[in-house]
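Sequence lines set the chain letters: A, B, ... in the order given, protein chains first and strands last, and positions in each chain run from 1.
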Protein chains: 2
Amino acid sequence: MPTAVTKRDSIVSSALSLFADRGFDATTIPMIATSAGVGAGTIYRYFENKEVLGNTIFQEYVKKFTETLEDGFPSDESIRNQFHHIFKSMVRFTSTQHQALYFIKTHSSAHFLTEESHASFQGLLNILKNLFDSGKKKKKIKMLPTSALIAIVYGSFLEVQRLVQIGELELEAQLLAEIEESMWDAVRLIV
Amino acid sequence: MPTAVTKRDSIVSSALSLFADRGFDATTIPMIATSAGVGAGTIYRYFENKEVLGNTIFQEYVKKFTETLEDGFPSDESIRNQFHHIFKSMVRFTSTQHQALYFIKTHSSAHFLTEESHASFQGLLNILKNLFDSGKKKKKIKMLPTSALIAIVYGSFLEVQRLVQIGELELEAQLLAEIEESMWDAVRLIV
DNA sequence: CTAACCGGAATGAACGTTCATTCCGTTTTA
DNA sequence: TAAAACGGAATGAACGTTCATTCCGGTTAG
């Protein structure tokens, strides 16, 4: 029963929590209503139906994630520094919104997502695409297909965060730096 | 409607396919029955209920995956060669069973899994654990927590395979070798 | 200042639908 | 021909969604 100011916020916050924990399909509207402390019908005053609720939340948090990565991006610095910014921002987003990351991770190819939701997710990955494309030009990044480079970094990151979530790993500064270095080693051109 | 000899095989094969495509919760028993070419009741002659079916399939394929990784493991060779064996085996398993990998990936922390299913999945990851533990002793692998090393390699691999599945990447030999090298760079101790 | 009124937000019981599971008549096997 | 296997209609529970009703803060009338 997350805290929230407005009823809409309360519904979104409860739904995110339940979707992340149990998955979209295994979460019922009455569950969300109870957790949000509202009547089931109230949810339909804010969202047309369950799928719209799912898509709205997905897009809302993908947008927040994207903005976190873009915020303060050091366009004029080295690829390595840009990579550091992205990594740091991903960690920052996750630490404040770990349910959101988990929801996005487990639902980014869910059956209920609309074209618009997919597009917003692509927008998120495009930040990595731009980084790697420019890095390849500058001979700093391996000449792998960009999609593969993204998969390697994003996939690693998701699994590491899963460990954090289940309490198997605690990310203090030293470890964080080493994991960043490991991911950087995966994508950097080693001469 | 996958081909199969026995009805049980047909049910397992259809269920795997549907679970991988739509997810466990969004797959109905009548769907599985139709796809397998059997009556809905017949499924209950072979599996106590839907959850048992899900767990059975999960464990069956995790076991196949584990066996694939263990088969021909070069215990006496270098860490690098052992890593190569694991990587090659993961690719081999995926190319013959890509639905299985996808099902395992998307359901490895699903709400319906029993303790036994979780244990069988841990057994799979243990192969990587042993490799990295011995590699760290020999100063060939980064001194990161083993769980983190596993997450980095396994996470990358899953995302790369997702690209393959959606047709965004085709893994011919050259590319495969480069991706293996990238993942190796992520975990190897760079001096 | 109080009381009656108003309108839209909120509610939750009820509806139709869909699901997992059961049951039993039919078909296949030995 | 007896027994086992099978199919798919039937069942009841649970779901998403609706809508008649209640609630409540603000406005108007006296």
To the nearest Å, give me how far apart CE (B:M31) and C1' (D:dG8) are. 17 Å

Can you see if the side chain of B:T28 gets near the phosphate of C:dC19 - specifically, an N or O under 4.0 Å from OP1 or OP2? no

Does D:dG7 have OP1 or OP2 under 4.0 Å away from a side-chain N or O of B:K7? yes

Given D:dT17, C:dA20, D:dA9, the nucleotide with the shortest approach to the side chain of B:P30: C:dA20

Between A:Q165 and A:Q161, is any side-chain donor less than 3.5 angstrom from a side-chain acceptor? no

Round to the nearest Å and state the distance from B:F24 atom CZ to C:dC19 atom C1'. 12 Å

To the side chain of A:T42, which of C:dA10, D:dG16, D:dC6 is closest? C:dA10

Nearest-Å distance for atom pair NZ/P, residues A:K50 and C:dT18: 15 Å

Within the side chain of A:S95, is there an N or O that forms a donor-acceptor pair under 3.5 Å with the backbone of A:R92? yes

Residue whose nearest DNA chain C nucleotide is more 5′ - B:G41 or A:A40: A:A40

Distance, rounded to the nearest Å, where B:I43 contributes CD1 and C:dA20 contributes P: 9 Å

What is the distance from CD1 of B:I11 to C1' of D:dG7, rounded to the nearest Å? 12 Å

Side chain of B:N49, heavy atoms from C-beta onward: which of D:dC6, C:dT11, C:dT21 has the nearest atom to it? C:dT21

In whole angstrom, what separates A:Y44's OH from C:dA13's P? 16 Å

On the nucleotide C:dA9, are OP1 or OP2 found under 4.0 Å from the side-chain N or O atoms that A:Y46 carries? no

When every non-hydrogen atom of B:R22 is compared with those of A:H111, the smallest separation belongs to O-CD2, 4.1 Å

Quick check against the 3.5 Å criterion: does A:E77 have a side-chain atom that pairs as donor or acceptor with the backbone of A:Q82? no

